[in-house]
Amino acid sequence: MAESNFVDYVKIYTRSGKGGRGSSHFRREKYIPKGGPDGGNGGRGGHVYLRGNRNYWTLLHLKFERHIMATHGMGGSAKRSTGKDGEDRIIDVPCGTVVFDAETGEFLCDVTEDGQMVRLLKGGRGGLGNWNFKTATNQAPRYAQPGEPYEEKTVILQLKLLADVGLVGFPNAGKSTLLSVVSAAKPKIANYPFTTLEPNLGIVSYRDNRSFVMADIPGIIEGASDGKGLGLRFLRHIERNSLLLFMVPADADDIKKEYEILNNELVKYNPDLAGKNRVLAITKSDMLDEELMEALAEDLPEGVPYVFISSIANIGITELKDLLWKELNRETFHEVEQIVHKNLDVSTLAQYDDEDFIIPLDEDEEDYDEDYVDYEWDDEED
């Protein structure tokens with residue numbers, strides 16, 4: 001089977017650049033005796049940035065570029081010449097990318113907007129040349145400052161899809177069928193569990209040229225928060241959704257119980273999901289008459305708006321769109337900024353890490369064997 005192009009998890013090694021060492025040069029020109037120190041400063045090492053890019057939808061482009069390193073700053077030279085700064089590295093990521101420390105699981109940053117720049121690693125500052133240390137009592141300093149060391153970090157990038165409505169349900173609840181009916185998305189549809197193996201996005205058209213984004217994730221089963229089924233792999237996408245659409249088929253033994261199981265799995269994964277707005281859709285309702293609908297409505301979860309729908313028979317689809325639009329435009333809509341990202345448990349991520357992932361060695365390490373000494377730096381920001 002061909003490997004999917006949807007990549008929402010990647011582990012990469014990043015490294016900023018070292019600062020260039022300062023020069024300890026003395027001016028040597030004809031007819032100018034005792035020219036004095038004129039060693040220039042070293043250049044700044046390159047930074048590593050993350051930049052949100054709306055033209056990316058997955059992390060596929062980073063799957064094959066696992067080592068991202070900025071260049072080192074060049075050393076200073078004679079005539080107070082400052083070394084060239086290292087080249088910055090900018091990592092383009094899709095909007096909705098969350099960054100964690102791969103060793104500790106600590107949350108580092110979140111990129112949610114197009115063009116948003118986040119500095120992941122700071123490049124080392126260049127060392128000062130010996131002309132900076134010239135004083136009345138030390139007019140010929142024979143030392144210069146080495147460059148500041150680089151920073152390195154192995155990070156985990158996770159993509160959490162940005163969508164207005166997220167579909168939540170057991171396998172074969174009709175999520176993909178609904179998405180294919182209300183949008184132009186073409187998810188895989190078949191009569192067996194876990195047909196959907198990766199999230200799908202669709203733009204749902206509404207009245208007066210308005211629209212909203214709907215996301216379909218693989219089915220959730222009881223115990224998904226503990227790793228069963230597809231487990232934690234896709235539950236993260238639910239965190240971004242402003243509204244959750246729970247889908248339970250009409251032929252379920254107990255609609256209310258299935259809703260509670262789904263809700264409990266989400267809360268176990270992230271307790272903050274308990275406060276999200278939600279709507280309940282009873283799917284495959286073309287087999288029900290009005291009397292059965294009224295009987296089922298008496299035993300549905302309290303306080304949750306509901307609607308009976310059938311994607312195949314096009315029953316209740318318009319009412320569902322109206323209900324979703326109404327809920328999306330409540331005062332609590334678009335609370336993406338209020339998401340609190342919990343730290344990762346790195347012990348549960350071993351199944352996603354490549355065994356051949358290695359940290360590259362610095363080929364120029366022998367050129368920087370001098371221990372770094374923290375002189376008094378200029379506090380101006382580079």
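Each residue takes its place number in the sequence, starting with 1. The figures that follow rest on heavy atoms only: side chains count, while hydrogens, waters and symmetry mates do not. No experiment lies behind these values; they were computed from the predicted model shown.
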Pairwise distance CG(L324) to OG(S242) - rounded to 0.5 angstrom: 12.0 Å
Separation of L157 CG from K11 NZ (nearest 0.5 Å): 12.0 Å
Side-chain heavy atoms of L244 within contact of L266, under 4.5 Å: yes
R44 side chain to H47 side chain, donor-acceptor N/O pair below 3.5 angstrom: yes
Hydrophobic cluster identity match, I309 and L328, side-chain contacts under 4.5 Å: yes
Minimal non-hydrogen separation, S23 against G76, with atom names: CB-O, 3.4 Å
CD/E87: more than 12 non-hydrogen atoms of other groups inside 6.0 Å: no
Nearest heavy atoms of P37 and N130, plus distance in Å: CB-ND2, 3.4 Å
N-O pairing of E65 and R89 below 4.0 Å: yes
Parallel, tilted or perpendicular: ring planes of F100 versus F107, cut at 30 and 60 degrees: perpendicular
Working for side chain to side chain contact (heavy atoms under 4.5 Å, CB included), residues V165 and V279: CA-CA 10 Å; V165 180; V279 171; over 6 Å; no
Ionic contact status for E151 with K153, cut-off 4.0 Å: no
Short side-chain to backbone donor-acceptor contact, S285 and L288, under 3.5 Å: no
Which atom of L159 lies closest to which atom of P94, heavy atoms considered: CD1-CG, 3.8 Å
Straight-line distance of S24 OG to L128 CG, nearest 0.5 Å: 13.0 Å
same_hphob_cluster(V10, L108) at 4.5 Å side-chain heavy-atom cutoff: yes
Backbone of V213 reached by a side-chain donor or acceptor of D164 within 3.5 Å: yes
Contact check, side chains of F308 and I315, non-hydrogen atoms, under 4.5 Å: no
For the student: nearest non-hydrogen atoms of D114 and R54, plus distance: OD1-N, 3.0 Å
Side-chain (K175) to main-chain (F170) donor-acceptor, under 3.5 angstrom: yes
Residue E29 excluded, over 12 heavy atoms near CD under 6.0 Å: yes
Nearest heavy-atom neighbours spanning L167 and M214: CD2-SD, 3.8 Å
Cluster overlap Y56 with L120, hydrophobic side-chain contacts below 4.5 Å: no
Pairs flagged by ring pair (Phe, Tyr, Trp, His ring centres under 6.0 Å) wherever residues 245-264 is involved - sequence neighbours left out: F246-Y259
K79 with D38: basic N within carboxylate O range, under 4.0 Å: no
E327 and P305, any side-chain heavy atoms less than 4.5 Å apart: yes
L280/K256 under side chain to side chain contact (heavy atoms under 4.5 Å, CB included): CA gap, chis, key distance, verdict: CA-CA 10 Å; L280 175 62; K256 184 176 181 179; over 6 Å; no
Neighbour count above 12 (heavy atom, 6.0 Å) for Y306 OH: no
Distance (rounded to the nearest 0.5 Å) between T137 OG1 and Q139 CD: 8.5 Å
Side-chain (N53) to main-chain (N55) donor-acceptor, under 3.5 angstrom: yes
Within-4.5 Å side-chain heavy-atom neighbours: E258 and P249: yes
Q145 (side chain) donor-acceptor with G127 (main chain) under 3.5 angstrom: no
Heavy atoms of other groups near I90 CD1, more than 12 under 6.0 Å: yes
I317-V204 co-clustered via ILVMFWY side chain contacts under 4.5 Å: yes
Y206 and W325 aromatic ring geometry - parallel, tilted or perpendicular at 30°/60° bounds: parallel
Cluster overlap L300 with V248, hydrophobic side-chain contacts below 4.5 Å: yes
Verdict with reasoning, L245 to L178, per side chain to side chain contact (heavy atoms under 4.5 Å, CB included): CA-CA 11 Å; L245 175 58; L178 174 64; 3.9 Å; yes
Reported CG-to-CG distance for the pair N132 and N41, which is rounded to 0.5 angstrom: 4.5 Å
Verdict with supporting geometry, M69 and Y13, side chain to side chain contact (heavy atoms under 4.5 Å, CB included): CA-CA 8 Å; M69 296 170 282; Y13 168 81; 4.2 Å; yes
Heavy-atom pair with the smallest gap, counting every atom of I203 and S183: O-CB, 3.4 Å
Salt-bridge present (E148, R125; N to O < 4.0 Å): yes
Gap separating the CG atom of L62 from the CD1 atom of I91, nearest 0.5 angstrom: 6.5 Å
Whether over 12 other heavy atoms sit under 6.0 Å from K321 NZ: yes
